[in-house]
Amino acid sequence: MKSQLEQLIQQAFDQLINRGDLDADFKANIQIIASKDAAQGDFATNVAMLNAKQAGMPPRQLAELLVPHMQDEQAVHKIEIAGPGFINFFLQADVNQSLVRKILEQGERFGLSDHGANKRIQIEFVSANPTGPLHVGHGRGAAYGATLANLLKAVGYDVQCEYYVNDAGRQMDILGTSVWLRYLDLAGEEIAFPSNAYQGDYIWDIAATLHREQGDAFRQPAVEVFKGVHADHPEGDKEKHIDDLIENAKALLGSEKYREVFDLALNTLVDVIRKDLAQFGVEFDEWFSERQLTEQGLVEKAIQTLQDKNRVYESHGALWFKSTDFGDEKDRVVKRDNGQTTYFASDIAYHMNKFDRGFEQVINVWGADHHGYIARVKAALKAMDYAPEKLEILLVQFANLYENGEKVAMSTRSGEFVTLRTLREDVGSDAARFFYVMRKADQHMDFDLNLAREQSTDNPVYYVQYAHARVCSVEKQCAEQNKEIDFNQAQMNKLENSHETDLLKQLSLYPDRLLSAAQRREPHIVINYLRELAHMFHAWYNAHKFIVDDEGLRNARIALAFAVRQVIKNGLLLIGVSAPQEM
RNA sequence: GCGCUCGUAGCUCAGUUGGAUAGAGUGUUGGCCUCCGAAGCCAAAGGUCGUGGGUUCGACUCCCGCCGAGCGCGCCA
């Protein structure tokens, strides 16, 4: 409807230009909004004000000139000029009535569009280090990313979901060594477990697997393991302590066995993460390995490319990328003085690789604590002559958990964190997905556990789901009362009370809201829409009986109720929440 | 100190990218089941949109200062 009105307005401007009322090079700026108040029609435009200056006349005068040229649109019943120069459109009543049939025909396809023109777009999200199970902070990124991916698919993009597995680097060495130390403990060695190692119980589990499958094959005497190792905290430096242990582990085990322990830990955790996400309704098309970048020489290639373009220099034995030339606040090391490439170097190679794989648009969903990296990654792309605007970095703020009015304290390293699994088992997948996406992603949010758990009126998830279940219940009632549902008998023009016209209008807005949510990367728009729709439905349900004797009215109302149910289901599906028949 | 994000009802948050009288949920108060599911509905009350300037027909929205909050500023990942 909006685009039809847009055309109508453009035509009116064209005619004014033809008549000479406006200059030939006049370019109209057109905006249309859905009116909030029924007194202001169904849609309104502010074109008269927006273009008044360019037209060289007051807004109201421009509006008076435009309106006579907007008469030949069937769907429009009445056009009014109001206030400082708003033009309000009142639609014919039957415009939205025919919409109900359209929704019922299109079913799950209602609301979808081909706006994205099948453009290839990649969205990378979660990408948590596989050093432990996912926690509730990752959950928000997972829910947000998955919903955004669904939205982009819904409006016609060819979407690929990717998880970047950080399976290289020091953190992973700490993980492998943590497992090995626990294993040594199980094998009977006296082990003082480092304060900086991973403390969680899952480390014990992996160690136990290793011990069960390999017996003492990986055992080394504790004296050797701790030989020449710096003291741990608080007497010494915990970072040096763990680094020394890693060195000893590599030396004592040899590269092959070390890799075995490392891979066991890695694979176990990636598997745990994958299953966690799957049970949360989040699936990835690709699990992209960081290690693979190094092994295939892509990191070296990236650095070489920068070198060829003269974007790097040496200083203090390290290799620096001159990112300040591209908007970063300081230059960054890509290769350390010990010859190792940095995480940032991998990231450059990774992003090059994304575009080399042919994606026209790339989206990264990052935790907000990473916002400092945006400038340097974009700088790298610029330096490589890739278009930095094709990389979109969306930030997700952390969610603070609240229970009984108190903030739940969390810290990853100490092992005191609430896992995503725990949350899901606690409040349920539906509530978790709904709550995470309910708030704008770049805002801090308070996640109220008590509320999410609650199966009551307070909980907005149930509120929306309940509307869906209620319609299902009406359908059942019809069967029980032997009232056959026959939409051919429906007299849609009998839907004339304000609840019904409000609902019809709300339904008509769905495709537009979906598009807007996708374009703005703001899935919470869909949730707000569904809450509004559910509220209008509940109000209607309370005010009017659907199963009435008048066959024409009864079928019309049931048709409308079914349309509402369909749209609620479609919307819930997008955010990964179920639409139950009963609850 | 510098940078990023933010400040809207007692609380949690929206506000259609600058539009008409700033909204919803929750909480408080009071109503609505002989009726298709009360996990619902209706009503009241609650605001100097942190603050002071600026831009214009028009500002919660854009610009600047100040106050306050969170995050980031490694040859870690």
Side-chain angles (χ1 to χ4, degrees), chain A residues 31-37 39-40 44 46 49-50 52-53 58-60 82-86 88 129 131 166 168-172 174 239 290 315-320 329-330 332-338 340-344 346-347 367-375 395 397-398 402 405 438-440 442-448 451 454-463 465-467 469-478 480-481 483 509 512-513 516-517 520 524-525 527-529 531-532 534-535 537-548 557-558 561 582-583:
Chain A
Q31 278 180 27
I32 295 169
I33 57 163
S35 305
K36 306 177 212 174
D37 189 341
Q40 293 163 10
N46 55 357
M49 283 103 89
L50 278 181
K53 192 171 276 179
R60 276 205 79 109
F86 287 101
N88 295 330
N129 285 354
T131 53
N166 295 119
R170 181 167 173 264
Q171 293 305 322
M172 291 304 297
I174 296 177
E239 305 292 347
E290 177 188 357
S315 174
H316 293 88
L319 202 59
W320 297 71
E329 37 184 41
K330 55 184 289 193
R332 310 289 174 178
V333 171
V334 287
K335 193 184 274 187
R336 286 185 258 168
D337 57 3
N338 65 8
Q340 279 196 339
T341 55
T342 60
Y343 173 84
F344 178 50
S346 296
D347 239 6
D369 55 334
H370 284 71
H371 65 72
Y373 294 91
I374 297 175
L395 298 180
Q397 287 285 354
F398 290 124
Y402 278 83
M438 190 162 57
R439 305 303 183 202
K440 230 166 41 198
D442 58 6
Q443 282 299 6
H444 299 96
M445 75 173 278
D446 290 347
F447 193 121
D448 185 337
L451 181 61
E454 203 151 333
Q455 309 209 353
S456 80
T457 168
D458 299 349
N459 195 330
V461 196
Y462 292 98
Y463 185 79
Q465 289 180 320
Y466 181 44
R470 254 185 163 173
V471 179
C472 294
S473 178
V474 169
E475 185 175 18
K476 252 180 285 173
Q477 271 299 320
C478 287
E480 276 171 30
Q481 295 179 25
K483 298 267 170 47
L509 298 177
D512 210 63
R513 289 286 184 94
S516 157
R520 291 165 55 179
H524 76 278
I525 290 176
I527 292 207
N528 286 341
Y529 172 86
R531 293 176 76 172
E532 289 164 19
H535 178 252
F537 173 78
H538 287 310
W540 178 45
Y541 183 94
N542 250 275
H544 302 278
K545 217 168 141 108
F546 301 173
I547 307 177
V548 292
R557 283 188 172 158
I558 290 172
E582 54 188 34
M583 36 199 300

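Throughout, a chain's letter reflects where its sequence line sits, starting with A, and its residues are numbered from 1.
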Query raised in the report: A:Lys335 near the nucleic acid: base, sugar-phosphate alone, or nothing, with a heavy-atom cut-off under 4.0 Å?
Result: nothing
Query raised in the report: For B:C71, is chi within 90° of 0 (syn) or not (anti)?
Result: anti
Requested in this report: Determine the contact category for A:Phe398: base if any of its heavy atoms lies under 4.0 Å from a base atom, sugar-phosphate if only primed atoms, P, OP1 or OP2 are that close, otherwise nothing.
Outcome: nothing
Query raised in the report: Under the rule syn = chi within 90° of 0, otherwise anti, which is B:U48?
Result: anti
Query raised in the report: How is A:Arg439 classified with respect to the nucleic acid when contacts are heavy atoms under 4.0 Å: base, sugar-phosphate, or nothing?
Result: base
Query raised in the report: Hey, does A:Ala539 reach any base, or is it just sugar-phosphate, or nothing, if we go heavy atoms under 4.0 Å?
Result: sugar-phosphate
Requested in this report: Choose from B:G40, B:G37, B:G15 the nucleotide whose nearest atom is closest to any side-chain atom of A:Glu582.
Outcome: B:G37
Requested in this report: With heavy atoms under 4.0 Å as the rule, sort A:Arg520 into base, sugar-phosphate or nothing.
Outcome: base
Query raised in the report: So what does A:Ala44 hit on the nucleic acid, given a heavy-atom distance under 4.0 Å: a base, only sugar-phosphate, or nothing?
Result: base
Query raised in the report: Between A:Val548 and A:Lys330, which has a closest nucleotide on RNA chain B that is more 5'?
Result: A:Val548
Report task. Would you mind classifying the nucleic acid contact of A:His444 as base, sugar-phosphate or nothing, using non-hydrogen atoms under 4.0 angstrom? Result -> sugar-phosphate
Report task. Give A:Asp446 one of three labels, base, sugar-phosphate or nothing, depending on what nucleic acid heavy atoms sit under 4.0 Å from its own. Result -> sugar-phosphate
Query raised in the report: So what does A:Ala168 hit on the nucleic acid, given a heavy-atom distance under 4.0 Å: a base, only sugar-phosphate, or nothing?
Result: sugar-phosphate
Query raised in the report: Contact class for A:Ser473 vs. all strands (heavy atom < 4.0 Å): base, sugar-phosphate, or nothing?
Result: base
**Report entry** Closest heavy-atom pair and its distance - A:Ala534, A:Tyr463
**Finding:** CB-CE2, 3.8 Å
Report task. Can you figure out which of B:U5, B:C76, B:C75 approaches the side chain of A:Gln171 most closely? Result -> B:C76
**Report entry** Sugar-phosphate only, base, or nothing, as touched by A:Asn88 at under 4.0 Å among non-hydrogen atoms
**Finding:** base
